[in-house]
Amino acid sequence: MKSLAPSFYDAAWELARQIPVGKVASYGQIATWLGSPRASRAVGYAMFNVQNDDVPWHRVINAKGEISIGGALHRPELQRELLEAEGVHFNTNGRIDWRLYGWSGPRRLRRL
DNA sequence: AAAGTGACGCATT
DNA sequence: TAATGCGCCACTT
């Protein structure tokens, strides 16, 4: 289960909610925008633990532009489908073009 | 309180 | 350019 007190996760989720449809952000970017440039892994954890339906966890991918999860438990195919349904297309290497789909980030960084 | 976990990222090879 | 190694952080047990 999860703690009910505000946490890094909550901040990550809130930021993820701001990613526009058809755009994506990397775990590292989220971490940076949250003020913890090295917490990319923790962001991944946050996305894995998303429970609220309004959090577009699928719009968060790794810095290489690919879906960085594997295994039946995580269902990488689902994430890819959700993105393609929004118009985010993958090249033959299974990567997206940051120039086309990368989100420039929140206009204003949220306070911690 | 210490050790373990993992949807990452980057320097190095 | 791709593969490998290691540090990183927030959270759980």
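These numbers were taken from a predicted model, which means no experiment stands behind them. So that the names make sense, note that chain A is the first sequence line, chain B the second, and so on, each numbered from 1.
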Between atom [atom1] in [X] and atom [atom2] in [N], what is the gap in whole Å?
X	N	atom1	atom2	result
A:Leu82	B:dA7	CG	P	18 Å
A:Phe8	B:dC8	CZ	C1'	11 Å
A:Arg38	B:dG6	CZ	C1'	18 Å
A:Tyr27	B:dG6	OH	P	15 Å
A:Ile69	B:dA7	CD1	C1'	5 Å
A:Asn62	B:dG9	CG	C1'	9 Å
A:Asn49	B:dT5	CG	P	16 Å
A:Asn93	C:dA2	CG	C1'	11 Å

- request: Please determine, for the side chain of A:Tyr45, which listed nucleotide (B:dC8, C:dC9, B:dT5) has the closest atom?
  value: B:dT5
task: Return the nearest nucleotide to the side chain of A:Ser40; candidates are B:dG9, C:dA10, C:dA2.
output: B:dG9
Given DNA chain C, 5'-ward residue of the pair A:Arg41 and A:Tyr9, judged by closest heavy atom: A:Arg41
Distance (rounded to the nearest 0.5 Å) between A:Gln79 CD and A:Arg75 CZ: 13.0 Å
- prompt: Between A:Trp103 and A:Trp98, does the ring centre distance come in under 6.0 Å?
  reply: no
message: It should be established whether A:Ser7 places a side-chain nitrogen or oxygen under 4.0 Å from OP1 or OP2 of nucleotide C:dC11.
response: yes
- request: Using the salt bridge (Lys or Arg N to Asp or Glu O under 4.0 Å) rule, take A:Lys64 and A:Glu66 through it: C-alpha gap first, then chi angles, then the decisive distance, then the call.
  value: CA-CA 6 Å; A:Lys64 288 184 275 186; A:Glu66 56 190 13; 3.3 Å; yes
query: Under 3.5 Å, is there a donor-acceptor pair between the A:Glu86 and A:His58 side chains?
result: yes
